[in-house]
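Beneath this line is the structure, given in structure tokens, with notes to follow.
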Amino acid sequence: MDRRWWQRATLYQLYVRSWQDSDGDGYGDLRGIISRLDYLEWLGVDGIWLSPTMPSPDQDWGYDVSDYLGVHPELGTIDDLDALIEAAGQRGMRVLLDLVPNHTSSAHPWFVESAASRQSPLRDYYVWADPAPGGGPPNNWVDFTGQPAWQWDNTTGQFYLHNFLPAQPDLNWWQPVVHEEFRRILRFWFDRGVAGFRIDVAQGLYKDALLRDNPPCDEEDGPLAGRFGLQAVYSENRPEVHAVYREWRSIAESYDPPRLLLGETWVEDLRQLAAFYGQDDELQLAFNFPLVFAGFSADSLASIVASTLAALPASGCPVWTASNHDVGRFPSRWCGGDEAKVKLALLVLGALPGSLVLYYGDEIGMTDVAVPPELARDALGGHGRRPGRDRARTPMQWDESASGGFTAPGIRSWLPSGDVAARNVAAQREDPGSVLSFCRELLSLRRERAGQPQPGYERLPASPGVWRYEAGELIVTANFTGRPVRLPAPVGKVLLSTAGDRGQVDPAALAPWEGVISSRVR
Ligand code: GLC
């Protein structure tokens, strides 16, 4: 079981800068996490994924790495990280780091050297190209702000590629030496006891060798369909990337227990998503963005789940998540802050076969926070029709004090806090009807099954607006309507309800937005 500990397990994504400040500078840090590990143990998570911890000039808050083998001084030291891994391990939790292999910071010594001259031995670590005939950028690719993805470099008279900010030059994965560097990086952290990596922009490493123009996008520029009117078919999503993950998987498997590779696989097509699992020889987990952007209805969610399970190889473990530091928080996107809906969302995702990844604050129903422009910190989000990303990066709401218990009294946190009086850990811990108490019960149900093989899944007939499914010995019945509905028989033994104690309610009916997990009657 231990070799596949992530199957049916619960991971917790922790945005380090916003979780707990231990030294009163208004930024969360590693010592802060250590001080709150008892909470995560109490909650019942099996592992934590830390947002980037490596040194960085923070143009994109750590997603612009300037040293892959270090720890950002604002977050702590490498000894703090070792101490965190150790302390989490004592509580039965594993620690994953965030790895950014698509690009580095322009302050990374590799790029500084690469940009020094055309003859630099590191020139080919990055994607350099001459202007198009007649001048201008080499092709039509745009970055995530909608600007040309090419930055002119006066010193060497060529453009370099950046799919994100100009301060984030893309690495050139056609160069074997780049592979070698990352094999070394992987081993460095795995040797220190890191349980695995979340891999940033996992679909993006390789670019078309001929740098062909991206074709226009016929559809509306949705979150997944295209990028500012172009389909990103040549600037990312290239087939060569799979060989990288086969290589990394064999490194991961050479450890005991095997290390986990969890991809940020930002693809629209579920068959493309499934390809990242390979023949059980690439990523063990790949994030499912079509689910994130699905509507919050029985049919919409059930249809993505069915297509996902049909597309994945038999050995593939799906992973369900609905919030993160880029896409915002599901309690806002799906639930408009309504706690009954938040519990229902947690219940339907938590009972599915697969791994569950919670984003910090999901467990108390934390909602997006409107950060005023003068306090904004994110340079990359908020372009075109894309909303800014600060809204989902605000401090964890621990209690109802001014900073929500995130930092010392009187200290200004790096982003403003949300409504700490409306939602905080301290109050919800005391309240058996809270989202937090519910979430903890759900995770304890999951924990009993963590590490076990995936159960089968089947959607069962139910009235319109109701999603009823069987997953192994569990039956889930979820009412996605604002009306009470009859609970189809047989109900079996009710293990958990979003409405709390079902002894108090009509045993044959579901309340509006109520969901129930029961165990199958044979
Ligand atoms: C990923 C990260 C995002 C970052 C981008 C560039 O999508 O999740 O936060 O801005 O990659 O590294």
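Below, all heavy atoms of this structure are taken into account, side chains as well, without hydrogens, waters or symmetry copies. Whatever order the structure lists them in is the order used to number ligands and atoms, beginning at 1. The structure presented is a predicted model; accordingly, all values stated were derived computationally and were not measured.
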Which of the atoms in ligand 1, numbered in the order shown and given with their element, are less than 4.0 Å from a heavy-atom of [X]?
X    : value
H103 : 6 (C), 12 (O)
R393 : 9 (O)
H325 : 2 (C), 3 (C), 8 (O), 9 (O)
V201 : 11 (O)
R389 : 3 (C), 4 (C), 9 (O), 10 (O)
R198 : 2 (C), 8 (O)

#### Entry: Row check, W398 ring normal vs R36 NZ/CZ: under 6.0 Å, within 45°
yes

### Message
Quick test of your reading of the structure: of D326, D200, V65, L165, whose heavy atom lies closest to atom 11 (O) of ligand 1?
### Response
D200

### Query
Among W266, F164, W61, which residue places a heavy atom closest to atom 5 (C) of ligand 1?
F164

### Query
Looking at ligand 1, does Q59 have a heavy atom less than 4.0 Å from it?
no

### Query
Where does L380 meet ligand 1, judged by heavy-atom distances below 4.0 Å: at the side chain, the backbone, both, or neither?
side chain

### Distance flag, aromatic centroids of H242 and Y277, threshold under 6.0 Å
no

### Pairs involving residues 93-110, ordered by first then second residue, that meet salt bridge (Lys or Arg N to Asp or Glu O under 4.0 Å) (sequence neighbours left out)
D2-R94, D98-R198

### Query
Nearest protein heavy atom to atom 10 (O) of ligand 1, by residue and atom, and its distance?
D60 OD2, 2.6 Å

### Task
Please write down residue, atom name and distance for the protein heavy atom closest to atom 7 (O) of ligand 1.
E264 OE2, 2.7 Å

### Task
Identify the residue among D170, N214, D213 that makes a side-chain hydrogen bond (donor to acceptor under 3.5 Å, both in side chains) with S235.
N214

### Message
So, using ring-ring contact (aromatic ring centres under 6.0 Å, His included) as the criterion, who are the partners of F111 when residues are at least two apart?
### Response
Y126, W128, Y160

### Query
Going from CG on L96 to CG on L50, what distance comes out if it is rounded to the nearest 0.5 angstrom?
8.0 Å

### Query
Salt-bridged, D191 to R259, with N to O below 4.0 Å?
no

#### Entry: Pair R4 + D280, salt bridge at N-O below 4.0 Å
yes

